[in-house]
Amino acid sequence: MKIKSADLWFKKAAAILALSAAALVILLVCSMAYYALPAIRKFGLHFLHTSTWDPVKEIFGALPFIYGTVISSALALLMALPVSLGIAVYLAELAPCCLREPLSFLIELLAAIPSVVYGLWGIFFLAPFLRETVQPFLFRYFGFLPLFQGEFYGVGMLSAAIILSIMIIPTISSISREVFLTVPSAQREAALALGATRWETIRLAVLGYARSGVLGAVILGLGRALGETMAVTMVIGNRPEISGSLFAPAYTMASVIANEFSEATTDLYLSALIEIGFILFFVTLIINIAARALIWRVSAKIKAK
Amino acid sequence: MKRKILGLTAGILMLSLLCGTAWAKKILLINGAGATFPYPLYSKWFYEYTKVDPTVNFNYQSIGSGGGQRQILAKTVDFGASDGPMSDEQLQKAPGVLFHIPMTAGAVVVTYNLPQASEKLKFSPDVLADIFLGKIKSWNDPRISLDNRGVYLPNENIIVVHRSDGSGTTSIFTDYLSSVSAAWKAKVGKGTSVNWPVGLGGKGNEGVAGLVKQTQGSIGYVELAYADNNKLAYADIKNSSGNFITPSLESTSAAVGGKLNSMPDDFRVSLVNPDGADAYPIAGLTWILAYKNQDDSQKGEKLVEFLLWAISEGQSYSSDLLYAPLPESMVRKIEEKINQIVY
C-alpha cells in the first residue's frame, strides 16, 4: 500500500515538473509579447520588412537582423554539415581503434570552448587571415559573383558563418557518430555480402539508416547557430544592412539585443529590442517545427520501406 | 534520528538569522546601479570609503546607464548612475525630484591606424564629421591634408569603426559630432546607439580598438583611459578657439572649466565643444542620480556623506585611473546641490 502511494506521488511530482517546463515557455512568450506590445502597436508588420534601425529617431525595422541570423546560420550549416559527416563517418566506420577515442574526445572538447574565446580568436586570427588571404583570393578568382565583391574588412558575414560552423561541428559530428554506431552490424554485413564497396556500404546501409538521427543532430547544431551571440557579435561587423556580398558586415538578432539592451533608455527602444527577441523565438520555433516534420517524413519513409 | 537532524538544522538556521540581523544592523548596505564607464573609479571610491566610514557598504552594479536610469525610476536602487543626462520626459516619470550629481569627467579620443603617416594626425570638427558621415572616403582627401601639412597621406580608403553596443562613449562622440555638424545632427543625431551612415561595429572599447589595430586605414573612437592604457595612436582635435588640442586629463578638466559659466542648475549639461583655448572638445560628465527626498533617513544621510567625500577627497583618485578631476569651482556648486538632499 505504502509503495503504491509513493508511486502515485512520484508520478504526480514528475508530471508537475514536466508541466512547469511547458508553463515556463508559455510564460516566456506571454511576458515577451506584453513588453513588446508598444513596438508592435507602433510599427505593426512594418517591423518585419523595413530595414531602418535608428534609436535616435525611434524608427525600428528588424529585417536586416532577421536576414543576418537566418543567412549566417544557414551558411554555417552548409559549411559544417559535410565536415561533420566526414568526421562522424571516419570516427564511426573507418578510423583505427586507437584513434577513435582520443579524436572524438578532442572534437567534443571544441564544444566546451566558451563562445567568447571563439570570438577573440575570430578577431585576432580569423578576421586578419580572411582579409589578407582568403578574401583577395576569392575576389580574384570568383569576383564575378556578387557574393565575393566589395571591400575586404575581414569581419563580416563570411567570418561569422565560419566561426559558427566551427562552433556547431562538434555538436553535429558527435551526435552523428553516436547515431552511426547504433546502426546494426547486420545492415553493413548485408550490404557487403551483396558486393558493395566500403563507400557504398556507408552510403546505403549506414547513412541511409541513420538519416533521421543525423537530421536531429543538424537541428541541435542549427539551434546553437541561431542563438549564438557573443562570438558572432565580435566578428560580424554589426551593421544592420542587407548585402548580397559575403564580405559585407551584417548583424544578427541575438547580437543586437546583447549590444543595445543595457543602454536602451526609452521605452519604445526597449520594447523594439524585446520584439526582436520575440521574433528570434519564433524563427527558432518555426525552424525546429520544420525540421521535426522533416524527420517524421524521413522516418516514416524508412518504416514504409 | 531524522527529528534530531531537523532540530539541529532549525537551530542553525535560527542562529544564523539572529547573527545576520545583528550584522546587518552594524553595516548599512547602499545599493546602486548604472553606468559602466565610471565603474573603475566608483569601485575604487567604495573601497577607499570603507576606511573613512566602516559602517556603510556600497554595492554597485555596472549594468549600463539605461539600466541605472530605469532602476532609479523604479526605486529598486538607492542611487543610479548614468553617462548621459536623463530627458525631461523621463524625469517627469520619476516619483520624486531626481538630482543629477556630476562625479567626474572623461574624454573620448579619435584613434586611427595609418602606419604611413609620419606624424600624429590632426582633425578639424567638420572633417571628422564628414569622415563619419562617409562623405570623405579617402585618406588623401585634400580636406584632411589641409589640417596635416607635410604629413604623407596614402590614397587608401578610410574604414570607419564605431561601437556596436550602446554606450556613454558613443553618446559623447555623437553629441560632439551633432554640435559641430548640422548635417550630422539632421541625419544621425546623438545617442547611446545611433544609425551609423558607414562603418563597422566593434563591441566595447576593446572591440573597436581590436578592429582599428588590425585594419590598416581605419579610424574609430575610444575612451581616453582605454587608449592610453593600450598605447593607441590618437589624434589632436581642433577646438572652438581654433587650437589643435591633444586629449589629456588637463585638457578634459579644461573642458569642464569651459562650461562653468553656462552650467545649468541641474547640471544636465553636455561638455562637448566648450569655450577655452586649452579645452579638449570631445568630453562628457558622468552623473550619480539620487532623489532629493530620501525615503530612508539613515541611508540618505550616509549617501550624502559619501557624495560629499567623493567630489572633494575622492577626486584625488581620479587621475591615477585616468578620469579628469572636476575643477574646484565646480565642486563648490555640486556641494551646494548635494546639501539640498533631504533625509
Side-chain angles (χ1 to χ4, degrees), chain A residues 51-61 64 116 119-120 122-132 150-156 159 229-241 248-252 255-270 272-273, chain B residues 34-36 62-70 73 82-87 89-90 93 157 159-171 174 178 185-204 206-211 213-218:
Chain A
S51 319
T52 309
W53 185 262
D54 191 334
V56 179
K57 302 192 181 87
E58 301 210 305
I59 303 166
F60 300 107
V116 65
L120 283 174
I123 288 188
F124 290 106
F125 177 79
L126 183 65
F129 175 68
L130 285 178
R131 185 178 57 242
E132 278 146 29
E151 187 103 23
F152 308 147
Y153 293 121
V155 296
S159 48
T229 311
M230 199 60 204
V232 173
T233 308
M234 289 165 90
V235 298
I236 201 166
N238 299 315
R239 184 153 190 75
E241 236 169 41
Y251 219 147
T252 68
S255 298
V256 73
I257 297 172
N259 270 329
E260 299 188 1
F261 199 79
S262 65
E263 294 286 335
T265 41
T266 65
D267 292 341
L268 188 63
Y269 188 8
L270 195 69
L273 285 171
Chain B
T36 45
S62 56
I63 55 170
S65 303
Q69 293 177 7
R70 267 195 300 281
L73 285 180
S82 177
D83 292 337
M86 291 169 76
S87 64
E89 195 191 357
Q90 284 171 308
K93 275 189 225 153
N157 282 348
I159 296 169
V160 169
V161 182
H162 55 77
R163 288 279 288 268
S164 63
D165 50 330
S167 83
T169 314
T170 300
S171 172
T174 52
S178 298
K185 193 173 183 180
K187 197 174 169 208
V188 187
K190 61 176 178 181
T192 52
S193 299
V194 298
N195 186 15
W196 293 93
V198 288
L200 302 171
K203 188 168 167 55
E206 66 283 2
V208 171
L211 281 175
K213 263 186 185 166
Q214 283 172 41
T215 316
Q216 197 170 317
S218 62

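Letters A, B, ... mirror the listed sequences (proteins, then strands); counts begin at 1. This one's a predicted model, so the numbers in the text were calculated from it and none came from an experiment.
Contact detail for A:P128 and B:Q214: the closest heavy-atom pair is CG-OE1, 3.0 Å. Nearest heavy-atom pair, B:K190 versus A:V56, reported as atom, atom and distance to 0.1 Å: O-CG2, 3.5 Å.
Within the 4.5 angstrom heavy-atom criterion, no atom of B:S87 approaches chain A. Only the side chain of A:L270 comes within contact range of chain B, with heavy atoms under 4.5 Å apart. For a residue to count as touching a neighbouring chain, one of its non-hydrogen atoms must lie under 4.5 Å from one of that chain's; by this rule B:V188 touches chain A with the backbone only. Only the backbone of B:I63 has a heavy atom closer than 4.5 Å to any heavy atom of chain A.
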Stepwise side-chain contact (heavy atoms from CB on, under 4.5 Å) test for B:L200 and A:N238: CA-CA 6 Å; B:L200 302 171; A:N238 299 315; over 6 Å; no
Test salt bridge (Lys or Arg N to Asp or Glu O under 4.0 Å) applied to A:D267 and B:R70, step by step: CA-CA 10 Å; A:D267 292 341; B:R70 267 195 300 281; over 6 Å; no
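Distance CD/B:Q216 to CZ/A:R131: 9.0 Å, rounded to 0.5 Å. Atoms CD and OG1, from A:E260 and B:T192 in turn, are 7.5 Å apart once rounded to the nearest 0.5 Å. Distance check: B:D165 CG to A:N259 CG gives 5.5 Å after rounding to the nearest 0.5 Å. Rounded to the nearest 0.5 Å, atoms OG1 (B:T36) and CD (A:E263) are 6.0 Å apart. Atoms CD and CD1, from B:E206 and A:I123 in turn, are 8.0 Å apart once rounded to the nearest 0.5 Å.
For A:D54 and B:K187, the salt-bridge test fails: no basic side-chain N is under 4.0 Å from an acidic carboxylate O.
With a 4.5 Å cut-off on side-chain heavy atoms, A:T52 and B:N195 count as touching.
Side-chain contact, A:Y269 with B:S193: a donor N or O sits under 3.5 Å from an acceptor N or O.
Of the listed residues B:A35, B:S167, B:G199, the one with more heavy-atom pairs under 4.5 angstrom with chain A than any other is B:G199. Of all the listed residues (B:G189, B:G68, B:S65, B:G191), the one sharing the greatest number of non-hydrogen pairs under 4.5 Å with chain A is B:S65.
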